[in-house]
Enquirer: 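My structure is below; once you've seen it, I'll send some questions.
All figures in this text were calculated on a predicted structure; none of them were measured in a lab. Chain letters run A, B, ... following the sequence lines, proteins first and then strands; every chain starts at 1.
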Amino acid sequence: MQNMAGITDIKSLHESEGSEVTLRGWLYGKRSGGKIAFLLLRDGTGVCQCVVEAREERAFEAASGLGQESSLAVTGTIRKDDRAPGGYEMLVSAIDVIQAVDDYPIARKSHGVDFLMNHRHLWLRSPRQTAILRIRHTLVRAMREFFDERDFTLIDTPILSPGAAEGAGTLFPVRYFDEGEVNLAQTGQLYLESACMALGKVYCFGPTFRAEKSKTRRHLTEFWMIEPEIAFAGLDDLMDLAEEFICGIVDAVLDKHRGDLELLGRDPAPLEKVAAPFPRITYSDAVDILRGDELHEQLAADLESDRARLQEMIDEITALEDRRDRSRKGWQQDKLEERIQSLREEVRDLDTDIANRPAHMRDALNFKWGQDLGGDEETLISRQFDKPVFITEYPREVKAFYMKPSPDNPGVVLNMDVIAPEGYGEIIGGSQREDDYDALDARMLEEGMNREPYEWYLDLRRYGSVPHGGFGLGVERTVAWICGLRHIRETIPFARLMGRIYP
RNA sequence: UCCGGCGUAGCUCAAUGGUAGAGCGGGUGGCUGUUAACCACUAGGUUGUAGGUUCGAGCCCUACCGCCGGAGCCA
């Protein structure tokens with residue numbers, strides 16, 4: 001939107017066709033001829049090609065020495081031109097250099113992971129990262145709107161909390177005055193249950209912390225979770241809600257971010273298939289699938305085709321290397337090099353995957369009822385479906401103390417996990433909660449838990465207890481799935497990973 | 001903690017145990033419609049660290065450090 005001083009942004013450039021305006025932003029790229037220069041200015045809303053002709057002497061002079069990411073205010077006339085990226089360009093009359101830069105470290109080419117992560121504060125400026133951040137924003141907004149529109153009340157649960165909520169999890173200790181050690185929260189759920197009894201339908205949304213030493217593409221030590229909790233709800237209600245929720249947020253991204261998805265190289269087709277109803281299978285069904293012939297025949301076939309694919313990729317690399325060595329143009333070599341590198345990375349991935357496959361298959365065949373489903377098992381199962389899949393009613397031994405056992409089968413609890421398609425793993429975990437005082441008390445005793453720090457939680461079962469339940473959705477895994485990212489570290493502005501806390 | 005891979009110019013990568021190179025980026029010059037522009041020239045290095053083998057080590061061996069991936073653990 002153009003203001004009184006003629007300042008506008010690139011997103012609304014078409015409104016200014018024919019008039020003189022000022023854009024403020026950063027130099028993204030530059031090309032120049034002897035008497036003409038093309039500046040690519042980015043301002044966070046888009047990129048505009050600014051044409052500087054030599055007859056504008058002062059502007060031309062100013063443009064000549066500018067390096068990438070110099071900050072500028074550029075004034076000129078907007079005109080339509082098919083040769084300009086975006087369809088509109090600026091014929092520059094004046095350049096105000098706010099800060100000239102000549103040594104910006106991140107080039108418009110590929111870089112290594114370590115380098116980029118160490119420059120995350122600058123990496124955020126690149127087109128791919130801004131696309132992800134925009135999609136993350138839309139997702140978060142869609143999530144909040146989803147619950148707001150359904151009369152949920154937002155409850156902010158504490159981050160400093162006295163005890164472990166889910167028993168086994170590894171937590172970050174924090175010294176708290178003279179109280180000794182407290183922990184960073186790994187879920188808001190227990191507090192949320194209190195608010196649920198106050199307001200009926202509530203949700204919390206905030207960061208959570210896990211101190212597990214997991215170095216994988218699916219793990220962060222600090223991640224965001226949105227958790228609804230509903231009074232007078234059973235497991236089926238929770239699944240219906242989760243289903244609608246996931247469809248809603250996927251639609252929001254498909255609606256607004258076709259361009260961003262394309263920029264990310266994300267095929268939208270699998271996302272378009274995400275529609276209710278999702279498959280719902282029980283843990284016992286899952287065990288049958290894992291041990292069944294059908295899965296193993298399919299896995300064997302996959303293994304064959306993946307081996308063939310691996311060989312194809314290796315051949316392609318050899319061909320590309322040959323082309324690279326014969327290529328004269330520097331930037332073509334660089335481009336080929338980039339494809340070679342990314343192919344090599346894929347080869348390494350596929351290679352480890354193939355190497356791990358026999359162990360996975362063996363584990364699946366030997367899977368015993370009662371074991372917890374790990375990431376590998378979940379992935380195997382999700383490959384059987386092209387939508388998110390619910391897995392319900394896990395053995396109570398592998399699940400948290402607060403989950404309610406099934407009335408039909410006390411050996412299992414009324415829980416559900418949602419596994420995202422395409423190998424992205426669990427994005428939702430939830431359950432109906434144990435609402436009976438005696439049953440909860442007995443279970444805590446059985447787990448050897450110290451009851452004292454949970455007296456307040458037990459109070460919820462003393463005073464007007466009702467059936468209730470909820471679930472938590474991991475924001476970053478959802479972003480990774482929807483954006484089709486290999487690694488979760490790109491889904492959050494500043495990823496906190498084991499061994500990485502800078503910047 | 002364990003297993004595997006990798007550490008070479010600012011960046012991305014080459015280099016049979018035998019004179020450390022290319023492209024990008026930087027600098028200088030040329031070019032009025034470029035799309036990661038192009039052309040010419042140019043500067044840029046304690047090959048992660050410390051030992052060892054060898055006439056000779058970026059390359060082989062040992063230890064350590066760092067990063068990545070996986071396992072375990074987990075969402």
Enquirer: If you check the A:Phe38 side chain, which of B:G33, B:C68, B:A36 turns out closest?
Expert: B:G33
Enquirer: At under 4.0 Å, does any side-chain N or O of A:Arg489 touch on OP1 or OP2 of B:G69?
Expert: yes
Enquirer: Give one of base, sugar-phosphate or nothing for A:Ser32, where a contact means two heavy atoms less than 4.0 Å apart.
Expert: base
Enquirer: Rounding to the closest angstrom, what is the interatomic distance between B:U8 and B:G21 at atom C1'?
Expert: 10 Å
Enquirer: Using a heavy-atom cut-off of 4.0 Å across all strands, would you classify A:Phe115 as base, sugar-phosphate, or nothing?
Expert: sugar-phosphate
Enquirer: Side-chain donor or acceptor of A:Glu53 under 3.5 Å from a matching atom on the base of B:G33?
Expert: no
Enquirer: Check the phosphate of B:G70 against A:Arg217, side-chain N and O only, distance under 4.0 Å to OP1 or OP2. Yes or no?
Expert: yes
Enquirer: Checking contacts here: which listed nucleotide (B:C73, B:C68, B:C24) is nearest the side-chain heavy atoms of A:Lys109?
Expert: B:C24
Enquirer: Kindly say whether, by distance alone, the side chain of A:Thr170 makes a donor-acceptor pair under 3.5 Å with the base of B:C73?
Expert: no
Enquirer: Given the rule in the side chain to side chain contact (heavy atoms under 4.5 Å, CB included) test, do A:Phe205 and A:Val140 qualify, once you have shown the distances and angles that lead to the verdict?
Expert: CA-CA 9 Å; A:Phe205 184 48; A:Val140 167; 3.4 Å; yes
Enquirer: Round to a whole Å and report the spacing from CG of A:Asp376 to C1' of B:C73.
Expert: 12 Å
Enquirer: Please state how far atom CD in A:Glu212 lies from atom C1' in B:A71, giving the value in whole angstrom units.
Expert: 15 Å
Enquirer: Take atom CG of A:Asn118 and atom C1' of B:C11, then tell me their distance rounded to the nearest Å.
Expert: 13 Å
Enquirer: How do A:Tyr104 and A:Arg55 order along RNA chain B: which one's closest nucleotide is nearer the 5' end?
Expert: A:Tyr104
Enquirer: Taking only the P atom of each, what is the distance from B:A36 to B:U42 in whole angstrom?
Expert: 28 Å
Enquirer: Sticking with atom C1', work out how far B:C60 lies from B:G45, rounded to a whole angstrom.
Expert: 23 Å
Enquirer: Below 4.0 angstrom, N of the basic side chain to O of the carboxylate: do A:Arg280 and A:Asp240 qualify?
Expert: yes
Enquirer: Would you call the rings of A:Tyr394 and A:Tyr283 parallel, tilted or perpendicular, taking 30° and 60° as the class edges?
Expert: tilted
Enquirer: Within less than 4.0 Å of OP1 or OP2 of B:C68, is there a side-chain N or O belonging to A:Arg500?
Expert: yes
Enquirer: So does A:Arg79 reach the base of B:G33 with its side chain, donor to acceptor, closer than 3.5 Å?
Expert: yes
Enquirer: Could you tell me which nucleotide pairs with B:G10 by Watson-Crick or G-U wobble geometry, both distances under 3.5 Å, or answer none if nothing does?
Expert: B:C24
Enquirer: Could you check whether the rings of A:Phe245 and A:Phe471 sit parallel, tilted or perpendicular, using 30° and 60° as the cut-offs?
Expert: tilted
